[in-house]
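First up is the structure itself, then whatever we jot down about it.
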Amino acid sequence: MARIAVTGASGFIGTALAAYLRARGDEVVRLVRHPPSAPEEIPWDPSTARLDPAALTGVDAVVHLAGAGVGDRRWTPAYKDLVLRSRVEGTTAVAGAVAAQDRPVRLVVASAIGYYGPDRGEEVLTETSAPGHGFLAEVVRAWEGAPASAHDAGMPVAHARTGLVMSAAGGMFPRLVRLTRLGLAGPLGSGRQFMSWVTLPDAVRGYAHLIDHPEIRGPVNLVGPDPRPQREVATALARVLHRPAVVPSPAFALRVALGEFATDVLGSLRVVPDRLRDSGFDFEHSTLAGAAATLA
């Protein structure tokens, strides 16, 4: 049994991960930004970029998931600043506390495939691919540079470059499910852009795999092995919901609705999970059809 600290444990990935870890016998402690209301809660304030190292005494691993949602609001300059600061300041705080421990502590930091964005066409993207450009790529580069203190202290750090998490519990897919049930889902823009998805169960199992394998360091693409063009994703979802998927969303309309974020929604990222597969990870949902069935 391991003692594992999780930030962002109330989010839809964090909630599922904490439940999974507890079910397999681990002790989970939650880093919270409010006064603790239970013994398993540890207070912290990511906005100050500080976390008392003593709070992590006895912890074997830390999974850092907290950060402002990228698609939660329109990208105003103020919200873009919040997205960046919430990741860099929180990661700096967690890494500093991990670095101060007197024994090895595994640190798994959430990251994003936006590192490669916003649009790489049909290029197959692995962990060794060059970074992209634009706001999200810049955020991810800063995010992955934030745990420098833990790296310098010799702690085993991994960056889980997570794709689009396919779940009815959160993220973008509940909105797509609602639109599909109304018969309004279809191609976004051209529909030819690749979507690199991963089901929630495989994302959770992927994080657990990284906890259990501290020899895996650096970036890891946490995506399913079957990235497909967006129009195929829409068709697969419509098939399991027994609805049509023919109503397109023109690119100009998405840009009006989403602003700058539309560039990333319409961009193509064909990301593959080389390091996960090479380390022996087995996907529960390895095909788009099987993944879409989890949303029915």
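Every value quoted in this text rests on a predicted model; they were computed, and no experiment measured them.
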Exercise for review: Output the distance between atom CG (Asp26) and atom CE (Met1), rounded to the nearest 0.5 Å.
Suggested key: 7.5 Å
Revision key, fill the gap. Between the CD1 atom in Ile216 and the CZ atom in Arg275, the distance rounded to the nearest 0.5 Å is 6.5 Å
Check your understanding: Honestly, is Arg161 close enough over Tyr115, meaning NZ or CZ under 6.0 Å from the six-membered ring centre and within 45° of the axis?
Key -> yes
Practice item. Identify the heavy atoms of Ala160 and Leu222 that sit nearest to each other, and give their distance. Key: CB-CD2, 4.2 Å
**Study point:** Test side chain to side chain contact (heavy atoms under 4.5 Å, CB included) applied to His159 and Val220, step by step
**Key:** CA-CA 6 Å; His159 304 275; Val220 179; over 6 Å; no
Practice item. Kindly say whether Val223 contributes a backbone atom to a donor-acceptor pair with the side chain of Asn221 at under 3.5 angstrom? Key: no
Review point. Do any N or O atoms from the side chain of Arg87 and from the backbone of Val83 form a donor-acceptor pair under 3.5 angstrom?
Key: yes
Point to revise | Side chain Trp75, main chain Val70, donor-acceptor under 3.5 Å | key: yes
Point to revise | Minimum-distance pair of heavy atoms, taken over all atoms of Arg120 and Ser129 | key: NH2-CB, 4.3 Å
Practice item. Measure from the side-chain N and O atoms of Asp45 to the backbone N and O of Ser47, and report whether any donor-acceptor pair falls under 3.5 Å. Key: yes
Check your understanding: Are Ile113 and Val165 co-members of a hydrophobic cluster defined by side-chain heavy atoms under 4.5 Å apart?
Key -> no
Review point. Are any side-chain N or O atoms of Arg3 and backbone N or O atoms of Thr57, one a donor and one an acceptor, separated by less than 3.5 Å?
Key: yes
Practice item. Could you grab the distance from atom CZ of Arg239 to atom OG1 of Thr235, nearest 0.5 Å is fine? Key: 6.5 Å
Check your understanding: Can you list the steps and then say if Asp282 with Arg277 is a side chain to side chain contact (heavy atoms under 4.5 Å, CB included)?
Key -> CA-CA 7 Å; Asp282 291 320; Arg277 287 186 294 199; over 6 Å; no
Practice item. Would you kindly confirm whether Leu164 and Val140 end up in one hydrophobic cluster when ILVMFWY residues are joined by side chain heavy atoms under 4.5 Å apart? Key: no
Check your understanding: Shared ILVMFWY cluster between Leu210 and Leu17, side chains joined below 4.5 angstrom?
Key -> yes
Point to revise | N/O donor-acceptor pair under 3.5 Å between Thr180 side chain and Ala238 backbone | key: no
Review point. Does the side chain of Thr199 come under 3.5 Å of the side chain of His285 through a donor N or O and an acceptor N or O?
Key: yes
Check your understanding: Going by atom types alone, do Tyr207 and Asp212 pair a side-chain donor with an acceptor below 3.5 Å?
Key -> no
Point to revise | Gap between atom CD of Glu138 and atom CG of Leu84 - 0.5 Å precision | key: 9.0 Å
Practice item. Using the rule that two of Ile, Leu, Val, Met, Phe, Trp, Tyr join whenever any of their side-chain heavy atoms come within less than 4.5 Å, decide whether Val204 and Phe283 are in one cluster. Key: yes
**Study point:** CG on Asp52 to CD1 on Ile42, rounded to 0.5 Å
**Key:** 9.5 Å
Study note, to complete from the structure: Nearest heavy-atom approach of Ala137 to Gly132 is CB-C, 3.7 Å
**Study point:** Check: Thr7 side chain, Ala66 main-chain N or O, donor-acceptor pair, under 3.5 Å
**Key:** yes
**Study point:** Hydrophobic cluster identity match, Leu288 and Met172, side-chain contacts under 4.5 Å
**Key:** yes
Point to revise | Donor-acceptor contact present, side-chain Arg243 to main-chain Arg181, <3.5 Å | key: yes
Check your understanding: According to the interplanar angle, ranging from 0 to 90°, do the rings of His213 and His209 count as parallel (below 30°), tilted (30 to 60°) or perpendicular (above 60°)?
Key -> tilted
Revision key, fill the gap. In short, Pro43 meets Pro36 closest at the heavy-atom pair CD-CG, 3.5 Å
**Study point:** Sidechain-backbone polar pair: Gln230 side chain, Leu188 backbone, donor-acceptor under 3.5 Å
**Key:** yes
Check your understanding: Which atom names give the shortest non-hydrogen contact between Gly90 and His64, and what distance separates them?
Key -> C-NE2, 3.5 Å
Review point. Closest approach of Gly69 and Tyr79, non-hydrogen atoms and distance?
Key: O-OH, 2.6 Å
Check your understanding: Under 6.0 Å from the CD atom of Glu122, do we count more than 12 heavy atoms belonging to anything else shown?
Key -> no
